[in-house]
Colleague: 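The structure follows.
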Amino acid sequence: MAHAVSYFSRWNPSTIPLPGHIGTSPDRVRGMMLGLAVGDALGNLIEAMNPPQRRAKYGEITDYLPNPHAGGHCVGTPSDDTQLAFWTLESLIRHRSLDPHDLAATFCSSHIYGIGYAMSAFVHAYRDQGRPWYEAGQPSAGNGALMRIAPVLLPHLPEPSQKLWEDVIVATALTHNDEAAVASSVGFIGLLCACLAWSSKQAPPPEWWLDTFLRYARPVESGEPYEPRTRQIEFRGSVSDFIERFVRPAVRDRTPVLEACERWYSAAYLLETVPAALLILATHGHDPEAAIVRAVNDTRDNDTVAAIVGAAVGALHGETAVPERWRDNLLGRTRAHDDGHVFELLDEALRVFPPIP
Ligand SMILES: [Mg+2]
């Protein structure tokens, strides 16, 4: 990837620790991808509402709501999170590895539901203006790359090498050419690798979630400062600094998710999305259903926070721990007329990238 050199001089993949051998199972890999799709689908129709408003209208949401895109039935349909994650999987299967040109073209090939600002600007630059993939990324600290990054680890399961981090950096900067975006993707992929490989019968302790994320994200951060959008808190620093300053104390004090997320905000800005997702995982990661329900009910950009939380708890606990009613009623759609495609892609991915126990 000759054109990626400028990214690697900014974020040096050789400084990021390598995950050890990722011994895992098809059940965990399926759990990761279906957890993502289920979380997205549960939040999808009701995103962009603040949690108290949402609660006043719907009460506590624990299942799919009547869906206008599916004849009013209570079934799960995708938004951009599921679409872009599974189109990444399509591209990986087609090339057997990450091909940034094909990934960019795939992202621009079909209609994206609920497309974000940075992603629209990327599509405009790449497809409409004909910019090459390495010049179409936007300077955005939105969560649009983090939400779809999970499948990038699949080709690396048998033997994680520096190429894993090169792929994560390129797949992120392709659309979100920004330090917080790259650090968040790297931290989250490190966390997913650890979830897939977790071998104890006991769930990880609360602060393990933060420590694991930070171990991978920190080396990427050069100190570029970010500031919150809310005036309720004062802060200037990196995503990792925010986690130490606000999320760790909230985990120790057992601050309720809703209370913390209302104080920090929990929308599409990474300084909001990542703290929300990590707090939910640290406090509810032992219970996949409870973790996803908290993400859906207690956060603003709830489809994306639930997709991120869903991928992590699915990777840790496996497909069978993701409630059956959510998996059974997921249409598995990624485009207008491809119901079931999510399930076909997962079967194919496990043939092409078989996990090693
Ligand atoms: Mg979405």
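Numbers for residues simply follow the sequence, beginning at 1. It should be emphasised that the depicted structure is a prediction, and the values quoted were computed from it without experimental measurement. Counting starts at 1 for both ligands and their atoms, in listed order.
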Colleague: Can you establish whether the number of heavy atoms outside E207 located under 6.0 Å from its atom CD is more than 12?
Modeller: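 Atom CD in E207 is crowded, with more than 12 foreign heavy atoms closer than 6.0 Å.
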
Colleague: Can you tell me if an N/O/S atom from Y113 lies under 2.8 Å from the Mg ion (ligand 1)?
Modeller: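 Looking at Y113, which is the residue asked about, there is no N, O or S atom under 2.8 Å from the Mg ion (ligand 1).
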
Colleague: Pick from D81, T273, D80: which one makes a side chain to side chain donor-acceptor pair (under 3.5 Å) with T304?
Modeller: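 One option only clears the test, and that one is D81.
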
Colleague: Please name the atom of D80, limited to N, O or S, that comes nearest to the Mg ion (ligand 1).
Modeller: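 For D80, the N/O/S atom sitting closest to the Mg ion (ligand 1) is OD1.
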
Colleague: Looking at the Mg ion (ligand 1), is there an N, O or S atom belonging to D81 that lies under 2.8 Å away from it?
Modeller: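 Under 2.8 Å: D81 contacts the Mg ion (ligand 1) through an N, O or S atom.
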
Colleague: Can R294 and D298 be counted as an ion pair, charged N to O under 4.0 angstrom?
Modeller: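 So R294 pairs with D298 through a salt bridge.
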
Colleague: Decide whether S110 and R335 meet the rule of one side-chain donor and one side-chain acceptor closer than 3.5 Å.
Modeller: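 Yes - a donor-acceptor pair under 3.5 Å links their side chains.
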
Colleague: Got a sec: is D303 within less than 2.8 Å of the Mg ion (ligand 1) via an N/O/S atom?
Modeller: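 Yes, since at least one N, O or S atom of D303 sits under 2.8 Å from the Mg ion (ligand 1).
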
